[in-house]
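Following: one structure in structure tokens, then a few remarks.
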2 protein chains.
Amino acid sequence: MATQTAAQLREEARRDYALWLAECPGRQVLDRLGDKWSALLLRALADGPRRYSDLSRLVAGVSQKMLTQSLRSLERDGLLNREVTAGVPVRVDYELTPLGHSMLSLVDASSTWARTHMPEVHAARARYDADAEARTDAEARDGKA
Amino acid sequence: MATQTAAQLREEARRDYALWLAECPGRQVLDRLGDKWSALLLRALADGPRRYSDLSRLVAGVSQKMLTQSLRSLERDGLLNREVTAGVPVRVDYELTPLGHSMLSLVDASSTWARTHMPEVHAARARYDADAEARTDAEARDGKA
DNA sequence: CAGCATCCGGATGGATACTG
DNA sequence: CAGTATCCATCCGGATGCTG
């Protein structure tokens with residue numbers, strides 16, 4: 001009997017790689033920053049503690065589902081602290097931990113890179129798209145096939 | 001007639017914010033780094049030009065669909081150059097542009113942060129999860145409701 | 001060799017309604 | 001006020017098969 005089909009071997013390799021990827025520290029950071037709201041929340045908390053409702057206004061576009069979900073996830077990773085003050089109504093404050101601040105500096109680095117290099121990126125895009133369109137037009141004119 | 005319902009107003013606000021987000025330079029960078037393969041590809045190209053097939057081996061887990069798609073996207077943004085050498089079989093090399101290298105340094109920054117701080121993150125997670133479980137257990141023991 | 005086209009499942013995330 | 005719970009659309013990305 002054959003040991004393993006090529007497909008099985010490939011899938012195994014892929015799974016191994018997925019595992020490796022999941023453990024790659026750099027990837028985990030990028031995943032965290034890559035999600036839609038984490039970076040925004042870190043920035044919103046940069047200047048000090050904020051209440052839940054403050055955050056939902058500060059980061060205007062977020063649904064309360066994603067707000068809560070993101071906050072929980074950031075809290076779990078030790079990037080921010082959640083402090084509940086009992087009473088009616090309840091009051092909940094969120095505050096960056098030192099770890100959170102250190103990650104914030106990473107966000108700022110991206111932001112800085114963006115400000116200095118995005119113009120180049122946009123220029124490159126414009127060139128690329130113009131060329132692509134030109135090629136498409138030429139094709140149409142030459143009556144391909 | 002009423003000018004606009006509350007729902008319409010909210011949706012409009014959300015759309016405005018989405019637009020603003022789409023233009024936020026920092027977000028665009030994070031989106032690029034956040035996607036599954038861009039950072040890996042930048043790293044794979046760090047030491048010099050690579051052929052398509054080299055890349056597909058170097059970044060072992062990627063499907064050729066995502067490989068091509070990511071490369072195209074990076075090329076469009078001016079982060080790498082695609083050079084086709086005619087012949088049979090065809091040969092295609094990819095190479096980082098200076099802009100690509102500069103973004104690579106951002107990837108490295110994340111990587112560095114990860115190496116120095118991920119242990120803290122994992123510790124925080126362990127604490128969080130342990131606490132959560134403890135709370136759940138207590139709830140069960142007290143026979144809630 | 002270096003792709004492109006198509007199909008498809010699962011995760012992401014938004015809208016809405018309800019709760020302590 | 002600060003959430004939780006549910007439903008649902010979209011989209012990312014993988015598998016497969018075909019091409020110059």
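Chain naming here is simple, since letters A, B, ... match the order of the sequence lines and numbering starts at 1 in each.
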Check: Among all residues two or more places apart in sequence or in another chain, which pass the side-chain hydrogen bond (donor to acceptor under 3.5 Å, both in side chains) test with B/R127?
Finding: none
Notebook entry, point to check: Could you give the CE-to-P distance, from A/M66 to D/dA5, as a whole number of Å?
Noted result: 16 Å
Item checked: Test item: A/S70 side-chain N/O and A/S38 main-chain N/O as donor-acceptor pair under 3.5 Å -> no
Next item on the list: May I ask you to decide if B/W37's main-chain N or O and B/D35's side chain share a donor-acceptor pair within less than 3.5 Å?
Entry: yes
Check: For A/R82, which residues count as a salt bridge (charged side-chain N to carboxylate O under 4.0 Å, His left out) partner, sequence neighbours excluded?
Finding: none
Item checked: Residues that A/R91 engages under salt bridge (charged side-chain N to carboxylate O under 4.0 Å, His left out), provided they are two or more places apart -> A/D93
Next item on the list: Using the test side chain to side chain contact (heavy atoms under 4.5 Å, CB included), find all partners of B/D31 that sit at least two apart in sequence or belong to another chain.
Entry: B/R27
Any N/O pairs under 3.5 Å between the protein and nucleotides 5-11 of chain C? List them or say none.
none

Check: Using the C1' atoms of five pairs at each end, what's the angle between the two axes of the helix from C/dC1-D/dG20 to C/dG20-D/dC1, to 10 degrees?
Finding: 50°
Next item on the list: Please list, by residue number, the residues of residues 72-93 of chain B whose heavy atoms come closer than 4.0 Å to an atom of DNA chain D; answer none if no residue qualifies.
Entry: none
Checklist line | Sequence neighbours excluded - ring pair (Phe, Tyr, Trp, His ring centres under 6.0 Å) pairs with any residue from residues 39-76 of chain A | finding: none
Check: Rounded to the Å, how far apart are A/L67 CG and C/dA15 P?
Finding: 14 Å
Check: What residues form a salt bridge (charged side-chain N to carboxylate O under 4.0 Å, His left out) with B/R50, not counting sequence neighbours?
Finding: none
Check: Using 4.0 Å as the upper bound for N to carboxylate O, is an ion pair formed by B/D54 and B/R57?
Finding: yes
Next item on the list: Identify the two heavy atoms, one from B/V29 and one from A/A114, that lie closest to each other, and give their separation to 0.1 Å.
Entry: CG2-CB, 3.5 Å
Next item on the list: Output the residues of residues 32-56 of chain A in contact with DNA chain C, where contact means a heavy atom of the residue under 4.0 Å from an atom of the strand; sort by number or write none.
Entry: A/K36, A/W37
Notebook entry, point to check: So which pairs with a foot in residues 91-114 of chain B pass ring pair (Phe, Tyr, Trp, His ring centres under 6.0 Å), sequence neighbours left out?
Noted result: B/W113-B/H117
Margin query: Ignoring hydrogens and geometry beyond distance, is a side-chain donor-acceptor pair present between B/D108 and B/S105 at under 3.5 Å?
Written below: no
Item checked: Sequence neighbours excluded - ring pair (Phe, Tyr, Trp, His ring centres under 6.0 Å) pairs with any residue from residues 12-33 of chain B -> B/Y17-B/W20
Checklist line | Between C1' of D/dA15 and CD of B/Q69, the distance in whole Å | finding: 14 Å
